Amino acid sequence: MRPSMRVLHPSLRDRVIDESMDVLARLGVQVEDPGARQRLEAIGLRADPTTHRIQIPRTLVEQALVTAPSSVTLHDREGRPAAVVGGDEVHFVPASSALRVLDRHTQQVRDPNSADFVEYVKLGHGLPNLSYLSTAFIPKDVPQDIADAWRLYLVAAHSTRPIVSGAFTAWGVPRMGQIMAMFRSGRDDLAARPMALFTVCPNTPLRWGEDPIANLMDCAEWGIPVEIVPVLLLGMISPATTVGALVLHTAEVLSGLTIAQLVRPGTPIVFGGAPASFHMQLMSNPMTAVEALQLYCAYAEVAKHLGLPSQAYMALSDSKFNDPQAGMETGVGAFLAALAGINSVSGPGMLDYVNCFSLEKLVFDDEVVAHARRFIRPVEVREDLPAGPLLEELIRDKHLLMSDHTLAHWPEELYLPGPMVDRTNWDQWEGQGSRTWRDRALDQIDEILGRYEEAPLPDALHAEIRGLISRTGLEPGAALPMLGGVR
Amino acid sequence: MIDYAEMNQLLFEGQHEALKRMTEEALAAGRPPTEVLEEGLIAGMAVVGEDFKHNRIYVPEVLLAARAMKAGMAVLQPLLTSRPGGAGSAGVIVMGTVKGDLHDIGKNLVGMMAEGSGFTVVDLGTDTSAEQYIEAVRRHDARILGMSALLTTTMIYMRTVVQAMKAAGLEHVKICVGGAPVSADYARQIGADGYAADAASAVELFRRLIAERPAAAEAGPA
Ligand code: B12
């Protein structure tokens, strides 16, 4: 049995699902953009001409739940299956789209550039416990309208791993789709072997903004898997209480799911979320607030019951630095996400209300992830029942260090953490130079970057992608940054 | 005799209807509008501000009080507007989230808090173009333009608006910017007049800019 946890009584969970469908049928979702409304009308979703709300009948939602797949397999750059998002799988991936980075040399918070981003990709590529990479932050040294395509390209240029990403403009997805299709034999092949999962956010409460709705429908047309990520702020743009928030959250995800299935049945949709609390004094939005954590675990149960893959912004911190608060928030979030069986957990590396990314945190969090994943390994009988003979051996020999049983099982059972967790005693620690966690993190980063080996892309492919990005987003005469590995 | 302490209490409790009634009664009893404003409303709001600062009350209570303040102001406004820049309306602020951006939570909070401090806020919503800002600033004779942006793709549009405001001859209108990717540095770079990191300091910023305006206006044309 896999260790797991529950926060909802099954009857309450069913009631929530029922209510959310009711909400979609009665209140529906609002779409202000006329272009999007036209596209929706073409797939049979008509908006009220004055309120611009689209009521979504229960039968449509139920039909969409039938065609939405229960899992999606992300493939690497080369087209090999890399991670199944669904079932009991629990994957961790760096959180996405920070505005700033915490410079590891100066400890200053600053704007990121493309060189920072490439360094992040190389580091993430070498971290063993992350299942795939995200476009973690946004380089500021390129025009921002192309930043979405640019960072997708930078990940694919420096790592073979699958990617969690998203578009920044209403027209962003097709260009990114074209880039990804260059790694496949074409669009159909890309849909069959997706290399990225795209984030799309409804505009809580029950609205779809111009960019996200265009992104959602474009992804569905391209067959790009989508994680639908509502951002409720409890007490602000959501009921303050868990059940009311859960109904709203579920309704928003189901609205996006239904739209995507109408555009293209079978589009993989991940039931995601980044709900946060609302601080009634400071007006900040902590995603690691304890009440938000409860909501995350609750919606994961709803997702599982609906047979959908799940995603969450957990295993991150709202702290500004890598301090005890960051450790607590990240560790607690990672363990809860693992126990809730969330399939894709976006978090490692992130600080400051998803505003700031830190490489030291990323190496530290990789270790947190290893712990959380180890914890949910099923507890099974391993030649230890009946226990009598083993205990007789222990009494006779006074220890089991050389026992066949130990030799067979300890490497699997006793997890040896990497250098980010200090297990020395005091004298050993002093003897090794009294190194702090930061010293060790910086070493780790250097070491991983030092052994990074590029799996280079063909020059022609570099040129093709850069050409596409330049053509579709650069002013005449402007140039994209040249970086290591790019000729 | 009007009991201003009771008005203050109603305001503190966010009882907007009762406060509106008392404001009308005070005027009917012949009290001067400026006195009602100062002693009935502003004095009450000062306590709200203090208590909020010291964690004795929280955002919902502040917003309830702000709504009550607005209700009282609606009664006084027509009698005070003949004195632009006077103690009446603290001034008109045009607010909006910039083009391409739909993040409006922070902007809405700033707007509500500003209204609670006596400003008249004209909210243009989200996805606002330079033309829309300028049109609204002109139409409402705004003294402050507040722009919000939460995306690195959209914050750059703030510069466009600052330039368009200048080109439209609206240099005298103070421009304030805010939102997670924006900073005081960035505000300076694009030629905006102010930046604030949260709603409470935004209101202080608005007050400061309004207060320094006359001096700037005198110095301006010379
Ligand atoms: C909530 C949220 C959303 C909601 C917005 C709901 C709404 N109605 O506003 C939804 C889910 C719709 C959303 C959508 C998207 N979002 Co968003 N969002 C956020 C989030 C988590 C919180 C913002 C917030 O409301 N904070 C709470 C309020 C109270 O704080 P505030 O906005 O900072 O406002 C305060 C101050 O800044 C100041 N202030 C604000 N405005 C003004 C104005 C003036 C004049 C002054 C003086 C002061 C001032 O006072 C306010 C009150 O104290 C931020 C991350 C973050 N922590 O900032 C990401 C974030 C801004 N979003 C992000 C992204 C990427 C997106 C999407 C593109 C995602 C997608 N692929 O679909 C879309 C964008 C669509 C679009 N075109 O706009 C990124 C931005 C990345 C970047 N580099 O640009 C962020 C940083 C998150 C992340 N790391 O991914 N988002």
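Keep in mind it's a predicted model, so treat the numbers as computed, not measured. In the text below, chain A, chain B and the rest are named by the order of the sequence lines, each starting its count at 1. No hydrogens, no waters, no symmetry mates; every other heavy atom, side chains included, goes into these values.
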Worksheet entry | Proximity breakdown for A:Asp145 and chain B, heavy-atom pairs closer than 4.5 Å | both
Worksheet, complete the sentence: Heavy atoms of A:Lys361 and A:Met350 approach each other most closely as CE-O, 2.8 Å
Worksheet item: Distance only, no hydrogens: is a donor on one side chain within 3.5 Å (strictly under) of an acceptor on the other, for A:Gln108 and A:Asp103?
Response: no
Item to complete: Run the numbers on B:Glu171 and B:Lys166 for salt bridge (Lys or Arg N to Asp or Glu O under 4.0 Å), then give the verdict.
Response: CA-CA 5 Å; B:Glu171 274 125 326; B:Lys166 289 217 169 82; over 6 Å; no
Worksheet item: Side chain, backbone, both or neither: which part of A:Tyr353 has a non-hydrogen atom closer than 4.5 Å to chain B?
Response: neither
Worksheet entry | Note: A:Arg39-A:Asp33 ion pair, threshold 4.0 Å (strictly below) | no
Worksheet item: Can you tell me if A:Glu329 and A:Thr288 form a side-chain donor-acceptor pair at under 3.5 Å?
Response: yes
Worksheet item: Within residues 226-236 of chain A, which positions have a heavy-atom distance to chain B below 4.5 Å?
Response: A:Leu233, A:Met236
Discussion item. Quick one about A:Thr204 and A:Glu252 (side-chain donor to acceptor, distance below 3.5 Å, no hydrogens or angles considered), yes or no?
Written reply: yes
Worksheet item: Pick from B:Val177, B:Val161, B:Leu170, B:Ile93: which one makes a side chain to side chain contact (heavy atoms under 4.5 Å, CB included) with B:Leu145?
Response: B:Val161
Discussion item. Less than 3.5 Å apart, any donor N or O on the side chain of B:Thr97 or B:Asp104 sitting next to an acceptor on the other?
Written reply: no
Practice prompt. Ignoring hydrogens and angles, state whether a donor on the side chain of A:Glu32 or A:Gln30 is under 3.5 Å from an acceptor on the partner side chain.
Written response: yes
Practice prompt. Output yes when a side-chain donor or acceptor of B:Asp123 lies under 3.5 Å from a complementary backbone atom of B:Val94, and no otherwise.
Written response: no
Discussion item. Just so I understand: if I count every heavy-atom pair under 4.5 Å between each of B:Ala180, B:Ser183, B:Ala200 and chain A, which residue has the most?
Written reply: B:Ala180
Practice prompt. Verify whether one side chain among B:Gln132 and B:Ser129 offers a donor that lies under 3.5 Å from an acceptor in the other.
Written response: yes
Worksheet item: Any donor and acceptor pair, going by atom type alone, linking the side chain of B:Asp101 with main-chain N or O of B:Leu150 inside 3.5 Å?
Response: yes
Worksheet item: chain A contacts: which residues in residues 56-65 of chain B have a non-hydrogen atom closer than 4.5 Å to it?
Response: B:Ile57, B:Tyr58, B:Val59, B:Pro60
Worksheet entry | Contact class of B:Asn108 relative to chain A, heavy atoms under 4.5 angstrom | neither
Worksheet item: Is chain A contacted by the side chain of B:Leu151, its backbone, both, or neither, given a heavy-atom distance below 4.5 Å?
Response: neither
Fill in: A:Pro212 versus chain B, the contacting section by heavy-atom distance below 4.5 Å
side chain
Worksheet item: Does the ring-ring contact (aromatic ring centres under 6.0 Å, His included) test come out yes or no for B:Tyr195 and B:Tyr186, once each step is laid out?
Response: CA-CA 9 Å; B:Tyr195 160 83; B:Tyr186 184 71; 9.5 Å; no
Item to complete: Flag the one option from A:Thr169, A:Asp148, A:Ile138, A:Asn203 with the top tally of heavy-atom pairs under 4.5 Å to chain B.
Response: A:Asn203
